[in-house]
Amino acid sequence: MSKKVLLTATVLSHICQFHKPLAKMLQENGYEVHVAARDNLSEKNGLAAEYVDRFFNIPFERSPFSSKNIKAYRELSKILKENDYEFIHCNTPVGGMVTRLAANKYRKKNGTKVFYTAHGFHFYEGAPKKNWIIYYPIEKFMSRFTDTLVTITTEDYNLSSKKFHCKVVHIHGVGANSAKFHVISDEEKASLKSELGYKENEKIILNVGELNANKNQATAIHAMKKVLEEYPDSKLLIAGNGDKLQSHKDLIKELDLNGSVELLGYTTEIFKYMNICDLLVACSFREGLPLNLMEAMLCGKPIIASNNRGHRELVDNGKNGFLVSVTNAEEYADKIIKVLGDSDYYVQNSLDKVEMFKDVNVLSELKDLYKLNE
C-alpha cells in the first residue's frame with residue numbers, strides 16, 4: 001500500500017500556483033498525492049492533473065461564516081475516514097481551519113501529521129486593529145489542532161513561535177522557479193524587447209498582480225508623471241486582471257499616460273516581461289511573501305516596493321532596491337528615477353538576496369519538514 005498525502009486549500013488555483021513543486025517532490029519520494037479544494041479552474045486548464053493522483057472538489061468558501069463550509073467539513077471528514085493519510089498539509093485561512101478541525105481525530109487515532117502553511121497572517125505589524133481582534137485568537141486556537149505550523153516570513157515566525165501551541169518552522173516561501181526565471185544576456189534582452197514590440201532604448205518598469213485595491217497600482221500610475229520628466233521614453237507595464245481594470249484605464253486617460261502605461265492583462269509569458277524590464281515596482285498595502293518579487297530578483301532586477309511585511313523580507317533598502325511609503329507616488333518616482341540611472345548596480349545584490357528563496361533550496365527545506373533527508 002502506497003503512502004498517502006493530502007494537500008488542501010480553499011481553492012484549487014492556490015495549489016496549482018504555489019504547490020506543484022511540493023506535489024512533484026512527494027510523488028518522486030513514493031507518495032500518492034491527493035488534493036482537496038474548491039475547483040475554481042476550468043477543466044480545459046489542465047493545471048490540476050500534474051503531480052496529483054486524486055482530486056476532491058470540496059465546496060470551501062473564503063468567508064468563515066458561509067454555511068457551505070459545514071458541507072465542506074462533512075465531505076472532507078468522509079475523505080479522511082476512507083483514506084489513511086500519513087500527512088495532511090493544509091493552506092489558506094478557511095481551507096486550513098476546516099481541514100484541521102476535520103483531521104483532529106485522525107491525528108489522535110492514526111498518528112496523522114497535520115501541517116499548516118501560513119502564507120501571511122492577516123494580523124501583522126501595522127495591520128488594522130480588527131484583524132488582531134478577529135484573526136489572531138482564531139489562529140492561536142487552531143494551533144492546538146496543528147502538529148507543525150510553517151511560516152514563510154520572519155515576522156510571522158517570530159510571533160507564532162512565541163505565542164502558539166505547536167511546533168513552528170520557517171521556510172523561505174514556496175520556491176521561485178530558477179529554471180524559468182534567470183539572467184539573460186544583453187543580446188537576448190534586445191531580441192526579446194523587439195519580439196514584444198518595444199524599442200531597445202525604452203526603459204521598462206513592470207508591475208505584476210491582480211488589479212485590486214490592495215495591489216494599489218494607482219500609485220505606480222501616478223508616479224509615472226514625474227518619471228517621464230526624466231525618462232520620457234519609459235513605460236510602465238501592468239500585468240494582471242481584476243476589478244480595478246476600468247478605474248485604472250480611466251486614471252491613465254485622465255493623466256494623459258495612454259502611450260506610457262500599458263495594461264497587459266493576464267499573461268502566461270510573464271517571464272519574458274521580467275527579462276526585458278529594468279525594474280519591478282510593487283505598491284501593495286499588505287503581502288505575505290510575494291513570488292513575483294522573487295522571480296524578478298532571479299532575473300537580476302532591482303525592486304521598488306511598499307514598506308510592508310512581505311516586501312521587507314525580500315528588499316534590503318538601498319542594496320537590491322528601495323522600500324517606500326505605500327501611497328507616496330513622488331517617493332516612488334524618485335526611487336524609480338534613481339534606479340533607472342544605475343540599474344546595473346543592483347543586479348548582483350538581487351541575485352544574492354534571492355538565493356535562499358530558490359526552488360532548489362525551498363525543496364530541501366520541505367524535505368526536512370517531511371523527514372525525507374534522513
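Along the sequence shown, the residues carry numbers beginning at 1. As a basis for the values below, the full set of heavy atoms in this structure was taken, side chains included, without hydrogen atoms, waters or symmetry mates.
The CG atom of Leu192 sits 9.5 Å away from the OG atom of Ser194 when rounded to the nearest 0.5 Å. Separating the CD1 atom in Ile88 from the OG1 atom in Thr146 is a distance of 11.5 Å, to the nearest 0.5 Å. Annotation: the span from Gln217 atom CD to Asn207 atom CG amounts to 5.0 Å, rounded to 0.5 Å. With values rounded to the nearest 0.5 angstrom, Leu80 atom CG is found 8.0 Å from Thr112 atom OG1. A distance of 5.0 Å separates CZ of Phe357 from NE2 of His172, quoted to the nearest 0.5 Å. With rounding to the nearest 0.5 Å, the separation of NE2 in His89 from CG in Leu6 is 11.0 Å.
Side chains of Ile58 and Ile79 form a contact here, defined as non-hydrogen atoms less than 4.5 Å apart. Residues Thr148 and Val168 fail the side-chain proximity criterion, which asks for heavy atoms closer than 4.5 Å. Counting only heavy atoms from C-beta outward, the side chains of Leu101 and Met142 approach each other to under 4.5 Å. Ile221 is listed as a side-chain neighbour of Ile238, based on a closest heavy-atom distance under 4.5 Å. Side-chain atoms of Met356 and Glu365, non-hydrogen and from C-beta on, do get closer than 4.5 Å to each other. By the 4.5 Å heavy-atom criterion applied to side chains, Ile205 and Lys235 are not counted as neighbours. Residues Asp334 and Lys226 are in side-chain contact: their nearest non-hydrogen atoms beyond the backbone lie under 4.5 Å apart. Considering only heavy atoms from C-beta on, Leu237 comes within 4.5 Å of Tyr273 through its side chain.
At distances below 3.5 Å, not a single donor-acceptor pair connects side-chain atoms of Asn104 with backbone N or O atoms of Thr99. Between the side chain of Thr10 and the main chain of Arg62, no donor-acceptor pair closer than 3.5 Å is present. With hydrogens and angles ignored, the 3.5 Å screen pairs a side-chain donor or acceptor of Asn177 with a backbone N or O of Ala179.
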Problem - Criterion side chain to side chain donor-acceptor pair (under 3.5 Å) on Asn57 and Arg38, from CA distance to verdict - result: CA-CA 5 Å; Asn57 187 7; Arg38 174 162 53 84; over 6 Å; no
Practice task
Carefully, step by step, assess Phe115 and Phe87 under the rule ring-ring contact (aromatic ring centres under 6.0 Å, His included).
Solution key: CA-CA 7 Å; Phe115 302 153; Phe87 297 102; 5.3 Å; yes
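Screening residues 92-104 for salt bridge (charged side-chain N to carboxylate O under 4.0 Å, His left out) gives Arg100-Glu139 as the qualifying pairs, with residues at least two apart or on separate chains. Evaluation of the side chain to side chain donor-acceptor pair (under 3.5 Å) test over residues 160-169, restricted to residues two or more places apart or in two chains, returns Arg144-His165. Screening residues 102-120 for salt bridge (charged side-chain N to carboxylate O under 4.0 Å, His left out), with sequence neighbours left out, gives Arg107-Asp147. Judged as a salt bridge (charged side-chain N to carboxylate O under 4.0 Å, His left out), the pairs with a partner in residues 304-325 (not counting sequence neighbours) are, in order, Glu155-Arg312, Asp156-Arg309, Asp316-Lys353. Sequence neighbours left out, not one pair with a member in residues 5-16 passes salt bridge (charged side-chain N to carboxylate O under 4.0 Å, His left out).
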For residues 67-76, which side-chain donor-acceptor pairs fall under 3.5 Å, sequence neighbours excluded?
{"from": "Asn69", "atom 1": "OD1", "to": "Glu61", "atom 2": "N", "distance (Å)": "2.9"}
{"from": "Asn69", "atom 1": "ND2", "to": "Glu61", "atom 2": "O", "distance (Å)": "3.4"}
{"from": "Asn69", "atom 1": "ND2", "to": "Ser63", "atom 2": "O", "distance (Å)": "2.8"}

Would you list the atom pairs, donor with acceptor, under 3.5 Å between side chains in residues 254-266 and any protein atom, with sequence neighbours excluded?
{"from": "Glu262", "atom 1": "OE1", "to": "Tyr198", "atom 2": "OH", "distance (Å)": "2.8"}

Which atom pairs, one a donor and one an acceptor, fall under 3.5 Å between side chains of residues 120-136 and the rest of the protein, sequence neighbours left out?
{"from": "Asn131", "atom 1": "ND2", "to": "His122", "atom 2": "O", "distance (Å)": "2.8"}
{"from": "Trp132", "atom 1": "NE1", "to": "Tyr124", "atom 2": "O", "distance (Å)": "3.3"}

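By the side-chain hydrogen bond (donor to acceptor under 3.5 Å, both in side chains) test, Asn29 is found to be paired with no residue, residues two or more places apart in sequence or in another chain being considered. In this view, Asn328 satisfies the side-chain hydrogen bond (donor to acceptor under 3.5 Å, both in side chains) rule with no residue, not counting sequence neighbours. Residues meeting the side-chain hydrogen bond (donor to acceptor under 3.5 Å, both in side chains) test with Tyr231, sequence neighbours left out: none. In this view, Asp352 and Gln348 satisfy the side-chain hydrogen bond (donor to acceptor under 3.5 Å, both in side chains) rule, not counting sequence neighbours.
Each of Phe56 and Leu12 belongs to its own hydrophobic cluster when Ile, Leu, Val, Met, Phe, Trp and Tyr are linked at side-chain heavy-atom distances under 4.5 angstrom. Under the 4.5 Å side-chain heavy-atom criterion for Ile, Leu, Val, Met, Phe, Trp and Tyr, Ile171 and Leu7 are members of the same hydrophobic cluster.
At a cut-off of 3.5 Å, with distance as the only test, no side-chain donor of Asn212 or Lys244 sits close to an acceptor on the other residue. Thr327 and Thr219 share no side-chain donor-acceptor pair at under 3.5 Å. Under the 3.5 Å distance criterion, with hydrogens and angles disregarded, a donor-acceptor pair is assigned to the side chains of Glu188 and Ser185. With no hydrogens or angles considered, a side-chain donor-acceptor pair links Ser13 and Asn40 at under 3.5 Å.
In plain terms, the two heavy atoms of Lys301 and Cys277 that are nearest each other are NZ-O, 2.8 Å.
Salt-bridge check for Lys24 with Glu28: passed, with a basic side-chain N closer than 4.0 Å to an acidic carboxylate O. Salt bridge absent: Lys189 and Glu200 never bring a charged side-chain N and a carboxylate O closer than 4.0 Å. Under the 4.0 Å criterion applied to side-chain N and carboxylate O atoms, Glu32 and Lys3 are not assigned as salt-bridge partners.
The aromatic rings of His14 and His19 sit tilted relative to each other, their planes meeting at an angle between 30° and 60°.
Tested against Cys299 for a side chain to side chain contact (heavy atoms under 4.5 Å, CB included), the candidates Leu280, Asn275, Val347, Ile184 yield a single pass: Asn275. Tested against His311 for a side chain to side chain contact (heavy atoms under 4.5 Å, CB included), the candidates Leu289, Ile304, Val326, Leu323 yield a single pass: Leu323.
A cation-pi arrangement is not found for Lys140 relative to Phe164, the charged atom failing to lie both closer than 6.0 Å to the ring centre and inside a 45° cone about the ring normal.
Taking the six-membered ring for Trp and the full ring otherwise, the centers of His34 and Phe55 sit at least 6.0 Å from each other.
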